[in-house]
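Reviewing the structure listed below.
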Amino acid sequence: MRKSFYVAAFALGVASLGSEAQAQDCTIKVGAALPTSVDWGRPIAEVAQFAVDQVNDAGGAAGCQIEMVLRDTQVDPKVGVDAAKALVDLEGVNVLLGAVSSGVSMPILNSVTVPGGVMQMSCCSSSTAFTKLAADGKTNGLWYRTFATTAVQSAMGAKVAADQGWKTVAVLYKNDDWGQDMARLIEADFAAAGVTVTGSVAINDAQPSYRAEVTDALGGQPEALYLALYPTEGTSAVREWLSLGGTQNMILANSLKSDEFRENVGLQYLGNAFGTDTASPRVESADAFRAAYQERFGSEPNGPGLANSYDAAMITLLAMEAAGKDASGADIAAAVAKVTDPNGIPVSADTAGFTAAKSVLAGGGTVMYQGATGNVRFDANGDVSAPAVVWSFTDEGTQEVEYVSLEDVDAFIESLK
Amino acid sequence: MIQHLVDGILVGSFLSLGAIGLTMVMHILRFANFSHAELLSIGAYSALVFDKVFQVLLPFSAAKIGPLSMTWALALSVVLAMAFTGASAMLMDRLVFKRVRARGDELSMVFASFGMALIVRNVIGLVFGLSSQLYSKDIVFAMVISRDPLLLVKPDQIFVFGAALLLMLGLHLLLSRTTFGFALRAVAENPVLAQVHGVNLQRMITAVWVIGGSLGAVAGVFYGLSYQITPVMGRDLVLPIFAATIVGGLGSVYGAVFGGFLVGIASNLALVILPSGYSPSVPFLMILAVLVLRPYGLFGEARP
Amino acid sequence: MIGVISYLVFFTTVAAILSIAVLGLNLQWGNTGLFNGGVVASFGAGAYGTLILGGAPQESHFGGFGLAYPLALLGGMIFAGLLAWVVGVLTLRLRHDYLAIATFGVAVAFENVARNAIWLTGGAQGVRGFERPLRAELGDGFLYNLIFLVAVLIALWLVFLFLQRLTVSPFGRMLRAIREDETAARSLGKAPDRVRLTAFVTGSVIMGLSGGLYGTFYAFISPQDVLPILTFQIWAMLIVGGAGNNAGAIFGTFLIWGAWTFSGWALARFAPIEAQLYTGSIQFVLIGFVIVGMLLWRPQGLFPERLVVSQPGANRDKPQAEGLT
C-alpha cells in the first residue's frame with residue numbers, strides 16, 4: 001500500500017516534469033545504515049558514497065540521479081533499526097545498504113526490511129545465522145551480502161599454512177560473531193589440512209592490554225600465527241606478539257588488509273605475513289576499482305569491508321538500473337541475478353563499467369559485474385562466493401602472491417571434508 | 001605463569017597511577033567519577049600533540065632515550081601533558097562538577113561524570129579521528145630475563161614501572177611531609193572541621209583535581225607507550241581503574257597503588273584458568289569479591 | 001503520510017518498551033534511592049530468557065523450548081528477578097557509589113557471558129529461532145506493528161498503574177522513608193534491607209518485562225543489545241523526565257529517545273555529506289551536553305517528584321550533610 005502510494009507520487013512527480021525529465025531531473029534515494037561513529041565504519045560509508053558518485057557520473061541509475069541517505073547505526077541495534085525504519089518509512093527507500101554488524105543487520109532484517117518488502121544488502125555481516133534464516137525461507141529473497149562466507153577465508157588460511165609447511169599455528173580471533181565463527185572453522189580446516197592449532201585465544205574489544213592473551217598464544221610455541229582481527233586490536237596484539245619474540249610467520253584474514261595495520265606494525269616485520277582474501281578476476285578491467293579508489297582517496301582500498309561495501313553499493317545500483325524505474329524492493333532484489341550473471345557480459349567496477357552495463361541492460365541483456373571482491377555471484381541464500389587470493393604487504397600496499405580460482409577454492413574446501 | 005605475574009605488575013603500574021587520582025577524588029568529593037579514565041585520554045592525546053610540536057621545533061629531541069621507545073621529545077611532552085590535563089580536570093570541576101555539587105547530591109555527580117565521559121571521548125574522536133595512534137612505530141623487542149621458565153620483559157615496561165614508583169614516592173612525601181598534605185587529609189576526614197581550622201576547601205579540591213589529572217596524564221602516556229592510544233581508551237580503562245580503587249579502599253593512596261598492581265596481576269593470571277573471552281569480567285569479579293568480603297577495601301576505613 | 005504513520009507506530013513501540021524499563025528504574029532510584037548502574041543486566045535477562053524459552057529448538061545453543069509466548073515472557077521476567085535477587089543480596093548494603101560500580105560490573109559480566117557462553121546464548125551471533133507471536137495469523141506488515149503497539153501500550157499502562165498504586169501505598173511510603181532517613185525508618189521497626197531488596201527485585205522484573213518485549217519486537221537479541229550504553233540511555237531518560245515521577249519518567253523516555261533518533265535524522269538530512277560521517281560522534285557529544293546541562297539547570301528533572309506530605313511540617317530537604325554537598 002505504502003509502496004504503491006510512493007510509486008504513484010513518483011509517477012505524478014515525473015509526469016509533471018515533462019518529457020525532458022531524463023537522467024538529471026529526478027532523484028532516487030538509497031538508504032544506508034552504517035556505523036559511521038566507529039573507526040572502521042566510517043571508511044565503509046565513504047566507499048559506498050564513492051560508488052554512488054561514480055554511478056551519478058555515469059548518469060545515474062534507473063533514469064534518475066541517486067542520493068544516498070546515510071544514517072549512523074552507532075553499532076547499537078535499536079539505533080540501527082530505528083534508522084533503517086526511518087529510511088524506509090520517511091525517506092521511502094526501496095533498498096537499504098547495511099548494516100555492518102550481524103547483531104544490527106539481523107533485527108533490521110527481521111523487523112524492517114522483510115516486513116517492508118525492502119531489499120537489504122549488507123557489505124559485512126558474516127554470521128552464518130543469515131544463511132539459515134534464508135534457507136528457512138524467512139528473508140523472502142530480499143537479503144544479500146557481499147561478504148564471502150567465512151568458510152573461504154578459513155580454508156585459504158589452511159592452504160597457506162600447508163603450502164608454507166607450517167605445522168603448528170596459534171590463532172588470535174576477534175571475540176565477535178565473525179571471529180567466533182572463524183575460530184570454529186579454522187580449528188576444523190587446519191586439522192583437516194594436517195596443521196595443529198596450538199591455541200585459539202579470543203581477543204576482546206576494548207581491553208586495556210592484550211599482553212596476557214598474547215603470552216597465552218605464545219605458550220604453545222607455534223611456528224605461525226593466524227590473525228582473525230581488525231586493525232586496531234590486530235596492531236596492538238601483533239606488536240605485543242613480535243616484541244615478545246613471537247614468530248613473524250603470519251596468516252592474516254582479509255580484515256587486516258589495511259594500511260593502518262601495515263604502518264603501525266611495520267613492513268619489516270611483515271615479510272612473512274600472508275593474507276587471504278576473495279579475489280578480483282583475471283581481467284584488466286578488475287583494476288578499475290583500485291585505480292579509481294586511489295585517485296579519490298589517495299591510498300589503496302585496504303581496510304576491513306571496503307571492497308565489500310563498494311560492491312554492495314554497486315550491485316544494488318546495477319540491480320536498480322536493471323529493474324528499471326518505479327521498481328519495488330522485491331523487483332530490485334530479483335534483478336540482482338541479472339547483473340551478477342556468470343554468463344552475462346563482463347562490466348568493470350567504475351563509471352565506465354556502469355555506463356556499459358546500462359546499454360547492455362537496456363538492450364535486454366545481462367551483465368557479469370566484475371567487482372572489487374571478484375566476480376560476485378550469489379547463491380539462493382544471498383551468500384556470495386568468489387575466487388580467492390593470497391596476498392602480502394609491500395611498500396605501496398599489497399601484492400598478490402597466488403590466485404586461486406573459484407573451482408580450486410571449491411575443490412580445496414571439498415578436500416578438507 | 002611467572003610471565004603472567006610479571007606482566008601483571010607492569011600493567012598494574014599505570015592502573016595504579018590512574019587509581020590514585022580517582023581514589024583521592026572519590027574520597028574528598030564523595031562521588032564515583034566515571035569520567036576519570038577520560039583524563040588518561042586527555043593526557044595521552046595532549047602528549048601526542050606536544051610530542052609532534054617538539055619534534056618539529058627541536059629535531060634533536062626526536063632521539064630515543066637509551067633502549068626505550070620513548071624520545072626526549074615525549075619525555076618533555078609528558079610534563080606539559082601533566083600540566084594540561086591537570087588544568088583540564090580543574091576546568092571540568094569548575095564548569096560542571098562544582099556547580100552540580102552545589103545543586104544536587106552525590107548521585108547527580110555520578111551521572112554528570114557519565115555525561116562528561118561521553119563528551120570528552122567523542123570530542124577527542126572528532127578532533128583526532130577514531131583510529132588508533134602510536135607515539136613510536138618502532139617495536140622494541142623484549143629482553144629475555146630467563147629461559148626456563150621463559151620470562152620476557154620490555155625495557156619500556158621497566159621504565160614505566162620505575163617511573164610510576166618514583167611518582168608514587170613523590171606523592172607519598174607530599175602527603176606525609178608537607179602542611180599541604182596534612183591539610184588534604186584533614187579535608188578528607190572532616191571538611192567542616194578542616195575549614196574551621198583555616199583550610200581553604202576550594203583550594204584543596206582544586207589541588208586534588210590537579211594531582212589526579214596530572215597522574216592520570218602520566219598513566220595515559222605510559223599506557224600509550226605500552227600499547228596504543230585510541231579515543232575510547234578511557235572506556236576500556238574505567239572498570240579496571242575503579243576495581244583498583246575499590247580493592248585498595250577509597251581514600252587510601254597506598255591502597256590504590258596496591259589495588260592497581262593486584263588488578264593487573266589478577267587480570268593476567270586469570271587467563272591461566274579462564275578462557276580469554278571472559279577477561280573483561282575479571283576486574284568486576286574482584287570488585288564484587290572485595291565488596292562482599294571487606295566492603296571498605298583492603299586499606300580503606302569504614303566511613304558513614 | 002502512510003510512511004510517517006508507519007514510522008510513528010514503530011517509534012512509539014520502541015519508546016513505550018523503553019519507558020517500561022525507565023519505570024522499573026524509577027522504582028529503584030526515584031522511589032527507593034538505589035543507584036542501579038547495571039540496568040542492562042535485568043533488561044538482557046528478560047530478553048534472553050524470553051527468547052530462549054519461547055524460541056524453536058536450536059542445535060547450536062541451549063534453549064528453544066518453544067513455550068507459549070506469555071509463559072516465555074513470564075519466564076524472562078522471573079529470570080530477571082532471580083538475577084536481581086542474587087545481585088541485590090550481594091550488593092544492596094553498599095554505599096551509593098559502590099552500588100553503582102558493582103551493578104555496572106554486573107552488567108559488563110552479563111554481556112560478557114552472553115558473548116562467550118556460546119552453548120547457552122548463541123554467543124556473539126545472538127539467539128536464533130524465535131518467531132514473533134501470532135506472526136502467522138497477522139503477517140508482519142503494518143497491522144502487526146499496530147497490534148504489537150497496542151499490546152505494549154497496555155503493558156506500559158499496567159506497569160504505570162501498578163507503580164502509581166505502589167507509590168501511594170504504605171509500602172511506597174516506607175520506600176521513601178528509607179530513602180530519606182534510613183535510621184529513622186529502622187527505629188520505627190522497619191527492615192530497610194528487606195524492603196530495599198523487594199524494591200530492587202520488583203524494579204528489575206519490570207526491566208525484564210521491557211527486555212522481553214524488546215527481544216520479541218526484533219525477534220532477536222545479541223550481546224550488542226546489552227552494552228553499557230543502554231544503561232546510560234535509560235538513566236538519561238529518567239533524569240530528564242524527573243526521578244520519582246512516573247509520568248515524568250515516561251515523558252522523559254519519549255523525549256530522549258525522540259531526541260536521539262531525531263538528531264540522527266536531522267544530521268543525516270541537513271548536515272553536509274562530509275559531516276555526515278561524523279554524526280555519531282556529534283550525537284554523543286550533544287547527548288552528553290543534554291545530561292550535564294540538565295543536571296546543572298534542572299537537576300530535579302522536567303517533572304519533579306510530587307511530594308506527598310503525610311504529616312504537617314514535614315520537611316523533605318535533606319540536612320546539609322558534611323558541608324560539601
Side-chain angles (χ1 to χ4, degrees), chain B residues 26 28-34 95-96 99-112 114-123 125-126 130 187 190-192 195 201 205 231 235 238-239 242-243 245-246 250 275 277-281 283-285 287-288 291-292 295-296 303-304, chain C residues 29 33 35 37 87 90-91 93-102 104-113 115-118 123-124 228-229 231-232 235-236 238-239 243 278 280-300 318 321-325:
Chain B
M26 279 180 74
I28 300 224
L29 298 174
R30 292 160 203 251
F31 82 105
N33 183 6
F34 276 81
L95 289 180
V96 178
R99 296 170 192 220
V100 175
R101 205 156 55 225
R103 298 206 53 162
D105 55 346
E106 296 155 25
L107 290 147
S108 300
M109 299 281 283
V110 176
F111 206 66
F114 257 102
M116 283 308 288
L118 214 54
I119 295 173
V120 172
R121 199 179 296 157
N122 285 287
V123 166
L126 283 172
L130 299 171
V187 169
N190 188 335
V192 180
Q195 275 178 299
L201 184 62
I205 290 177
R235 181 197 68 191
V238 67
L239 201 57
F242 264 129
T245 310
I246 288 181
L250 272 202
Y278 287 99
S279 61
S281 300
F284 154 68
L285 291 175
I287 293 179
L288 205 63
L291 288 182
V292 169
Y296 295 95
R303 188 167 86 168
Chain C
W29 166 237
F35 198 117
V87 172
L90 287 176
T91 60
R93 59 204 171 86
L94 302 175
R95 234 174 72 176
H96 283 321
D97 44 2
Y98 279 10
L99 180 65
I101 299 167
F104 181 75
V106 171
V108 170
F110 183 88
E111 192 266 348
N112 206 226
V113 171
R115 184 175 291 277
N116 289 292
I118 297 174
I229 186 71
T231 300
F232 176 78
W235 266 100
L238 181 63
I239 296 285
Y278 301 89
S281 304
I282 295 171
Q283 230 178 322
F284 277 117
V285 172
L286 289 179
I287 299 284
F289 275 118
V290 168
I291 302 303
V292 173
M294 199 69 202
L295 289 170
L296 284 179
W297 288 291
R298 203 175 160 83
Q300 70 276 39
K318 275 194 206 176
E322 303 170 308
L324 270 172
T325 43

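As a basis for the values below, the full set of heavy atoms in this structure was taken, side chains included, without hydrogen atoms, waters or symmetry mates. A quick note: this is a predicted structure, and the numbers were derived from the prediction, not measured.
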So for [X], is it side chain, backbone, both, or neither that comes closer than 4.5 Å to the heavy atoms of chain B?
X      : result
C:F289 : both
C:A243 : neither
C:V106 : both
C:I239 : side chain

Checking the side chain of B:N122 only, and the main-chain atoms of C:F284 only, is there a donor and an acceptor separated by less than 3.5 Å?
no
Could you tell me whether the side chain of B:R121 and the main chain of C:S281 form a donor-acceptor pair under 3.5 Å?
no
Mind ranking [options] by heavy-atom pairs under 4.5 Å with chain B and telling me who comes out on top?
options                       : result
C:F110, C:W29, C:F232         : C:F232
C:V108, C:L286, C:L94         : C:L94
C:P228, C:A236, C:G37, C:A100 : C:A236

Name the region of B:V96, side chain, backbone, both or neither, that has any atom closer than 4.5 Å to a heavy atom of chain C.
both
With a 4.5 angstrom heavy-atom cut-off, which part of B:I119 approaches chain C: side chain, backbone, both or neither?
both
Using a cut-off of under 4.5 Å on heavy-atom pairs, state which of B:I246, B:L285, B:L288 scores highest against chain C.
B:I246
If we define contacts as heavy-atom pairs under 4.5 Å, which of B:P280, B:A117, B:G125 has the most with chain C?
B:P280
C:F104 ring center within less than 6.0 Å of B:F34 ring center:
yes
Does any non-hydrogen side-chain atom of B:F111 lie less than 4.5 Å from one of C:W235?
yes
Do the non-hydrogen side-chain atoms of C:I101 and B:F284 ever get within less than 4.5 Å of each other?
no
Nearest atoms (heavy-atom pairs only) where [X] meets [Y]:
X      : Y      : answer
B:S279 : C:N112 : N-OD1, 4.4 Å
B:S281 : C:A109 : OG-CA, 3.7 Å
B:A112 : C:V292 : O-CG2, 3.9 Å

I need the C:L295 CG to B:R99 CZ distance, nearest 0.5 Å.
13.5 Å
Just verifying a value: how many Å separate B:L118 CG and C:I229 CD1, rounded to the nearest 0.5 Å?
5.5 Å
Please walk me through it: do C:L90 and B:L291 pass side-chain contact (heavy atoms from CB on, under 4.5 Å)?
CA-CA 8 Å; C:L90 287 176; B:L291 288 182; over 6 Å; no
side-chain contact (heavy atoms from CB on, under 4.5 Å) between B:F114 and C:I291: does it pass, once the steps are laid out?
CA-CA 9 Å; B:F114 257 102; C:I291 302 303; 5.9 Å; no
